[in-house]
Amino acid sequence: MAKLAVLASGNGSNFEALVQAARTAGHEAVLLVCDRPGALALQRAARLGVPSVLVSYSPGDSAPVDGDRAAAKGDRAIRRLAAEARITTALEDAGADLVALAGFMRLLGPGFVARWQGRLVNIHPSLLPAYPGTEAIRQAWDAGEPVLGVTVHYVDEGMDTGPVLARAEVARQASLEATEQAMHQAEHRLYAQVLVGLLDGVGLG
Ligand code: GRF
């Protein structure tokens, strides 16, 4: 049995699919890390009985940001480092073997990526390297792509740039909404399949 942790910012449908697949395969979902209060992913965690932790990147009471842009930027960088340190501590305390990003809307810094290298994966709703970043489905749709798709990849320091683990194609549907729905279904299938494979491999190598 291996231990899966997930980082999510929003809806959490991939998080839920991963929890169900991991459990079905005899693995444990040990933690959800969320950076946004009120995210539906937190409610899903409570319903599924997965422990969760909210890690805020926002300025706290003790960290006022002055009007100077450079200072504000430096302050953001410090807040990110502090948040990533809290996330690593939470993951270590939970004993996570594998960390899956599932709609986690932040770039992770070099220190965090190095700490979890080879055990940090992401899903992206495009056939990478096409359409990295946000609004990937809409961009592919607007470009008239006849075939869209989803990609599971290891995370490096770039935006959706790490080594690819698997891709699945999704045919363009009659509407953007129908295409989005098909994409999310493909995400849930592919991410669950790849993650269970990785969890099965923990301890074997
Ligand atoms: C998914 O499309 C995922 O590929 C992208 O963010 C979205 C998250 O959806 N990174 P959900 O929160 O898992 O429903």
Side-chain angles (χ1 to χ4, degrees), residues 4-24 29-48 50 52-55 57 87 98-109 112-113 116 119-143 145 147-173 175-196 198-199:
L4 170 70
V6 178
L7 274 59
S9 299
N11 176 31
S13 70
N14 280 282
F15 159 65
E16 180 157 353
L18 291 182
V19 170
Q20 283 166 352
R23 286 177 171 169
T24 300
V30 292
L31 186 67
L32 169 73
V33 176
C34 184
D35 63 324
R36 293 197 183 155
L40 187 55
L42 288 165
Q43 291 176 35
R44 292 184 194 259
R47 174 163 50 76
L48 292 162
V50 177
S52 64
V53 59
L54 179 64
V55 175
Y57 281 60
I87 294 173
L98 197 65
V99 181
L101 308 185
F104 188 68
M105 301 302 287
R106 294 182 186 275
L107 263 187
L108 292 159
F112 186 91
V113 169
W116 297 99
R119 299 196 285 150
L120 185 61
V121 297
N122 183 42
I123 180 125
H124 184 72
S126 78
L127 294 170
L128 289 172
Y131 307 109
T134 57
E135 299 277 323
I137 303 176
R138 177 177 290 279
Q139 286 185 55
W141 171 269
D142 287 347
E145 301 283 3
V147 177
L148 297 83
V150 303
T151 304
V152 179
H153 64 96
Y154 284 114
V155 175
D156 66 9
E157 292 169 31
M159 173 84 81
D160 304 318
T161 50
V164 170
L165 282 155
R167 290 189 188 87
E169 293 186 346
V170 175
R172 183 186 184 89
Q173 307 290 305
S175 67
L176 174 59
E177 293 67 32
T179 304
E180 285 173 339
Q181 199 179 354
M183 291 281 284
H184 293 311
Q185 285 168 0
E187 286 190 321
H188 300 164
R189 271 195 307 273
L190 185 71
Y191 213 7
Q193 182 189 327
V194 172
L195 263 287
V196 166
L198 292 173
L199 289 166

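Both counts, for ligands and for their atoms, begin at 1 and track the order of listing.
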Which of the atoms in ligand 1, numbered in the order shown and given with their element, are less than 4.0 Å from a heavy-atom of H184?
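Matching atoms, with element in brackets: 2 (O).
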For ligand 1, which atoms, with element, lie under 4.0 Å from some heavy atom of E187?
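Checking each atom against E187, I get 1 (C), 2 (O), 3 (C), 4 (O).
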So do [Y] and [X] actually touch side chain to side chain, heavy atoms under 4.5 Å?
| X | Y | result |
| --- | --- | --- |
| R44 | N11 | yes |
| V155 | F112 | no |
| V150 | Y191 | no |
| R23 | V50 | yes |

Please check if the number of heavy atoms outside R138 that lie under 6.0 Å from its CZ is greater than 12.
no
Looking only at protein heavy atoms, which one is nearest to [atom], and what is the separation?
| atom | answer |
| --- | --- |
| atom 9 (O) of ligand 1 | N14 ND2, 3.7 Å |
| atom 10 (N) of ligand 1 | I123 O, 3.3 Å |
| atom 7 (C) of ligand 1 | G103 CA, 4.2 Å |
| atom 5 (C) of ligand 1 | P125 CD, 4.0 Å |
| atom 14 (O) of ligand 1 | S13 OG, 2.5 Å |

Can you find an N or O of [X] that's nearer than 3.5 Å to an N or O of ligand 1?
| X | result |
| --- | --- |
| G12 | yes |
| N11 | yes |
| A102 | no |

Spacing of F15 atom CZ and S52 atom OG [to the nearest 0.5 Å]
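Rounded to the nearest 0.5 Å, the CZ-OG separation comes out at 7.5 Å.
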How close do A166 and L190 get, counting heavy atoms only, and between which atoms?
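Minimum heavy-atom contact is O-CD2, 3.8 Å.
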Please classify the M183 to ligand 1 contact at 4.0 Å (heavy-atom distances, strictly less than): side chain, backbone, both or neither.
neither
Relative to the ring of H188, is the ring of H184 parallel (under 30°), tilted (30 to 60°) or perpendicular (over 60°)?
parallel
